[in-house]
Structure formats: structure tokens, C-alpha cells
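The figures that follow rest on heavy atoms only: side chains count, while hydrogens, waters and symmetry mates do not.
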Amino acid sequence: MLLALAFATLAAPHPARAQTSTQTATETDVEKKTEPGLFNDLANLFNPQRLADAGPPPADATPYTVKIEVHGDSDLRKQVEAASNLETLKARPPSGAAGLVRRALADQRDINAALYSAGYYAGTVRILIAGNAPDAPNIFEIVEAARKRGPVPVMVDVQPGALFHFGTVRVLDASSGRPLADGPTLNELRLRPGEPALATEVVRSEGIIVDYYRLHARPFARVVSRDVVADHATHTLDVTLKVDPGPHAAFGRFTVSGADFLTPGFVEQRIEIPPGTPYSSDALNRLRRRLLTYESIGSVRINEASKLDPDGTLPIEIVVSPRKPRYFGFSASYSSTDGSLIDVYWGHRNLFGGGETLRLDAQASWFGEQPEAVPDADPFGYKISASFMKPGIYTAQDDLLADAAVLREVTNAYVREAVTFVAGVRHRFNDQLSLQVSLDLEQSQVEDTTGTHDYSIVGVPFYLKYDTTDSELDPSRGIRFSGTAEPYAYLGDAGAGPTMVDVAFSTYHAFDEEKRFILAGRVAGGSVIGANDIYDVPPQRRFYVGGGGSVRGYDYQSISPRNEDGIIIGGLSYFEASAEARIRVTDTIGIVPFFDMGAAFSSATPDFDGLKYSAGIGLRYYTAVGPLRLDLAFPINPGPDDGDFGLYVSLGQAF
């Protein structure tokens with residue numbers, strides 16, 4: 001038997017709807033958000049707004065009990081329960097008998113949609129209210145009579161039937177009816193013959209087709225029609241999609257509006273898409289992300305014209321809006337091994353009207369324990385700093401950056417009071433790659449196991465960054481590489497000649513479209529090359545490992561070389577590696593098992609002796625700003641002076 005599935009007209013009739021107008025705002029909202037049709041139904045299943053459960057219960061509430069029987073797959077039962085308003089809204093009784101009947105009729109449609117989304121096209125959904133079908137002629141009287149005896153019993157019986165698989169799948173040119181010469185493959189569409197015929201994959205394939213052509217210079221691509229036929233004899237689903245790829249196009253003129261809060265031409269200079277360039281939706285997405293990196297710009301909307309110009313080009317309008325220029329805030333972090341920190345800051349996002357940023361920070365820190373190198377030191381630290389950025393000093397790709405600070409830093413290895421200044425120019429080669437060349441100046445007084453010393457430092461750091469990730473605070477895909485090479489014209493007692501090299505690489509991979517399971521890994525290492533002796537290098541420019549930013553579970557800096565008295569002195573090289581499995585349990589809660597390893601070494605190259613290992617579990621609370629991180633880590637091979645665990649709280653992922 002063949003059944004042509006008209007996916008847009010799957011809703012069950014609603015005989016009770018015309019018989020009543022006594023519906024609460026809650027019931028009205030549910031009805032509005034569950035329009036008929038399979039593809040609308042599929043969207044409704046994952047729309048949290050359909051659970052309209054706010055506000056007081058209606059005066060004529062009709063309490064009920066619901067029992068759902070799903071024969072077969074236990075995973076399918078979860079999908080059915082999630083699709084059922086009777087189940088998800090059972091704590092909020094509907095208004096009157098009509099409200100309960102509407103809810104049951106909506107379930108008939110939504111549960112069928114859930115079956116289709118899981119590949120079951122021959123299922124039956126039987127709903128009984130007080131033993132009667134919801135479309136029974138006297139259903140309202142039956143419900144009212146049952147309500148007088150207590151909560152109205154509702155029974156939902158689901159027979160899913162056989163699982164269907166994709167049969168013949170065709171993607172045709174809408175004008176000629178012939179197979180498209182170019183386009184995404186069936187593997188890319190995830191409509192492979194023989195695979196379970198999930199309706200959600202049919203829905204998703206249409207978006208994949210449109211996105212494919214928009215990436216290949218066809219901005220007006222669309223799926224004209226779909227023909228879906230279920231063969232109940234063979235339990236297969238045949239799918240025919242007719243596509244109009246639309247004409248090839250090139251980018252035409254760009255116009256900008258809403259940018260009067262910036263200097264004239266600021267946005268235009270950063271478009272970087274010459275007229276005549278073949279159209280690509282990816283190029284527009286990169287442009288949007290690039291403009292949003294400027295703190296003064298709050299939003300970017302890109303409007304494509306509805307038709308091509310006579311020369312075959314597509315006009316584009318860019319609409320930008322500002323963020324509030326001034327901001328004020330504070331942040332805090334806590335670690336049982338690294339100490340605590342509070343930061344109060346003020347900033348301006350558009351200081352002189354050209355996208356310049358200024359941020360002033362006042363930090364107070366508390367080391368939390370007695371420093372090993374300076375036992376009688378005050379554990380209080382501070383940092384007063386200013387950061388400035390001016391975009392486009394030579395070209396739109398060149399930015400001036402400057403940071404200055406006055407600080408007191410307390411660690412296990414040293415106590416430092418210093419004035420620092422770093423200024424440089426960052427050149428952006430493209431959206432992923434940038435190089436910054438700076439001047440690094442420091443004048444400091446440092447106390448450690450060898451006494452108190454004054455250090456002058458002059459360096460020229462070269463900082464290379466390559467980043468293809470999709471988020472700064474919570475990446476799910478892509479890689480990050482950063483590398484610094486800083487030759488020193490003067491490095492304390494080491495004088496001129498030494499060079500510091502520090503590199504880090506991390507990668508992220510989401511295993512599902514919803515990004516609910518992400519595997520993340522990081523390796524990092526560094527070396528001070530050219531120093532005759534470790535004591536020639538100022539303590540603050542040596543390498544230290546241990547704590548929340550490196551190997552969690554160990555005390556801050558504790559996995560570092562020590563002197564003959566067992567006091568931390570730091571190393572000339574280091575190595576670190578971490579792996580995390582980031583698992584979202586709900587939309588806002590996640591757990592993160594992790595493993596760390598690393599150590600610092602007295603030699604200029606890592607010898608990998610004395611590596612320490614740790615493992616632990618983290619909790620993430622996902623906010624609009626970024627994930628709030630709580631990590632609990634345990635040393636695997638601790639030494640006699642290492643603690644039993646480390647606890648870390650901060651904003652953002654560990655790496």
C-alpha cells in the first residue's frame with residue numbers, strides 16, 4: 001500500500017473547538033504555538049514556549065491523570081512523552097471540559113508528529129478521556145460527569161508500528177524535472193537509502209540544500225516542493241525534492257546605515273568584499289562576525305536585495321547599531337589552590353568616535369596561604385591597570401594596543417612589585433590569523449629565596465594567533481593556536497640575548513548538531529632559550545605549572561623545579577596537556593570529566609621527568625554571557641606536600 005504524505009495537513013479535526021470560547025490565555029497560547037502540519041509540529045516539539053505554564057490556574061480548572069502506553073522502543077517513549085501536552089502540562093489543569101478535549105486533540109497531532117520524526121509512519125495513537133474518544137458527540141458531558149468524581153482519567157495508547165527506512169530519494173531541478181547536475185550528495189543530506197526515515201532529516205535536508213547553493217553563489221535557491229510517499233508494504237519512504245537553484249550572482253554595491261556613531265567610512269573600510277566577488281553566504285557571515293568584534297558595535301543586520309541588479313550583482317545593505325558606550329562591572333574567581341581575586345572595572349567602547357576602547361581595572365587578590373619563598377609576606381595583592389585599543393591606525397587591518405599596570409603579585413615562588421607597559425601593533429591577515437608585534441617594558445622589585453632584587457626588562461614579543469573556533473568563551477568546533485617568541489634586549493641579570501618561546505594548541509569537536517557532547521583537548525609548552533643559569537632569569541619570567549590554569553588539583557606553581565630546600569624556584573621550560581568531555585545534561589546544566597598533566601623543568605627543553613597527573617569532574621551552568629565553571633580536581637600521583645583536591649570557580653571554560 002502506498003500513502004502519499006501531505007506533511008502540511010496532518011492535523012486531526014477539532015470538533016470541540018467551535019463549541020466553546022471559554023479558553024484561558026494559557027490555552028490560547030498553546031493553540032497558537034501548535035499550528036497544524038508535520039513540519040510545524042516538529043518545530044513545536046522543540047519550542048519551549050509551547051509549555052505555557054505561567055500564571056494562576058483557571059477558575060474552572062479540570063484536573064486529570066494521564067497514563068501513556070508506548071509499545072516498543074523505550075527511547076521512543078521519551079519522545080512521545082516530550083511531545084505530549086497532556087504529560088508536560090499535567091501539573092496545570094486546563095480550563096473546563098473543552099480545554100481538556102483541546103489538549104487531547106492536540107496530542108493526537110503532536111504524538112503523530114513525534115512518531116514521524118522517529119521514522120514510524122504506520123503508527124496509531126488512541127486517546128481516551130474517561131474511557132471515550134475526544135471527538136465523541138457527548139464528550140463534554142462525559143468529562144463534566146467524570147470531574148465530579150475526581151481527576152478525569154486520560155489514557156494514551158501508542159502503537160508505533162514498523163520502523164520505515166528511506167527508499168528512493170531524488171533531488172530534481174524544478175524547471176526540467178531532471179536530477180541536478182551539482183548539489184549536495186545524499187550523504188550530505190543524510191537521506192541515505194536504507195537508513196531510518198526520520199522526518200526530521202527530511203526537514204533538515206531542505207535547509208542543507210538552500211545553504212549549499214547560497215555558499216555557491218546562488219542567493220535565491222529554494223526548495224519548490226517535496227513529495228513524500230510511504231510504502232506500507234515495504235516499510236520504505238520515498239522522497240522527491242524539487243529545487244530551484246536560482247541564478248548565479250556576484251556581490252554588488254554595499255550600503256551602510258545606522259553607523260553615525262562611528263567616524264565616516266569606518267564600516268565601509270572593513271567590508272573587504274570587492275564588488276564582483278561571487279556571492280557567498282559564508283562571506284557575509286564572516287563579515288558580520290568581524291564587525292561584531294568591535295566593542296562599539298552592538299548588532300549587525302545584513303539585508304540582501306530581493307532581486308539582482310541589471311548587471312547580475314546583488315546589492316547588500318548593512319545595518320549596524322551601537323552598544324552603550326560606557327560600562328561598569330565586577331568579576332570574581334575562587335580557587336582553593338590559587339587564591340581568590342576580585343576585579344572592579346570601568347570601560348568605554350567608543351572613546352573618540354572611531355571604535356577606540358579604554359578599560360580601567362582595579363583588582364584585589366588574596367593568596368590564601370603562606371608563600372613558601374617569602375613566609376612572612378603579606379598575602380594581599382593588587383593590580384591597577386589600563387588597556388587601550390585604537391582600530392585602523394595604518395589600514396583597517398592594523399590596530400594599536402597598549403596595556404599599563406602597577407601591581408603587587410604574591411605567589412609561592414616570589415613576591416613582585418612592578419610597573420609594566422606593553423604596546424604594539426596587531427595586523428589581521430584574515431578573520432582567523434593575526435600577528436602582533438609589541439614593546440615589552442617592566443621595572444620590578446622581586447623578593448624570593450635569594451633575597452630582594454631589582455629587575456629591568458626590555459623585550460620585543462611577536463604574538464601569532466590562529467583561531468577557527470565558533471565561540472570565545474564556549475567553543476564547540478575548530479582549533480586555536482597561539483605562539484609567542486620574545487627576544488630580550490635586557491632580561492635582568494641575563495642581559496641581552498635570551499628568547500622566550502611559548503606555544504599553545506587546542507581543538508574542539510562537537511559530535512552532534514545540538515552541541516550536547518563536545519570533546520576538547522589542549523597542549524602547551526614553552527622555553528627560555530639562551531640563559532646561562534636559571535637564576536639569571538627574573539623569577540616572574542620563568543615557567544610554573546600547577547593550579548586552575550594548568551594542572552588542576554595541585555597547588556599553584558607546585559609542579560615546578562625547587563631548590564635544595566624544597567622551595568619553588570620555577571623552570572626554564574614547561575609542558576602541559578588537558579582533555580575534557582563537555583556534556584550538556586540540560587540546556588543550562590552540563591558536566592565535564594577532565595584529565596590534566598604537566599610540569600615545569602629546570603632545563604631549557606622539557607625532559608618530561610616529574611610529570612604530574614590529575615583528573616576530576618566539572619559542573620557548568622550555561623548563561624547568556626558564557627558558562628559558569630565549577631571544577632573539582634584530584635591529584636593522581638601527588639607528592640607528600642600536595643593537597644587532596646582542588647576546587648575552582650570562574651566564568652568560561654578552562655580552555
What distance do [X] atom [atom1] and [Y] atom [atom2] have between them, rounded to the nearest 0.5 Å?
X	Y	atom1	atom2	value
S280	L287	OG	CG	11.5 Å
F164	Y116	CZ	OH	9.0 Å
R222	R214	CZ	CZ	14.0 Å
L191	T168	CG	OG1	12.5 Å
S281	R286	OG	CZ	9.5 Å
S506	F481	OG	CZ	10.5 Å

Salt bridge or not between R289 and D467? Use side-chain N to carboxylate O under 4.0 Å. no
Would you call R428-E272 a salt bridge at under 4.0 Å N-O? yes
Validation row: [X], [Y] side chains within 4.5 angstrom (heavy atoms):
X	Y	answer
F251	L284	yes
L632	L619	no
F655	Y508	yes

Geometric cation-pi criterion, R552 with F594: 6.0 Å, 45°: yes
The test is side-chain contact (heavy atoms from CB on, under 4.5 Å); show your working for F261 and V320 and say whether it passes. CA-CA 10 Å; F261 61 96; V320 299; 4.1 Å; yes
Donor on one side chain, acceptor on other, [X] and [Y], under 3.5 Å:
X	Y	result
S650	R629	yes
S321	S299	yes
R426	S434	no
T185	N187	no
T484	D502	no
R109	N112	no

Test side chain to side chain donor-acceptor pair (under 3.5 Å) applied to R204 - qualifying residues, sequence neighbours left out: E201
Worked check of side-chain hydrogen bond (donor to acceptor under 3.5 Å, both in side chains) between Y212 and E188: CA-CA 10 Å; Y212 175 89; E188 292 170 327; over 6 Å; no
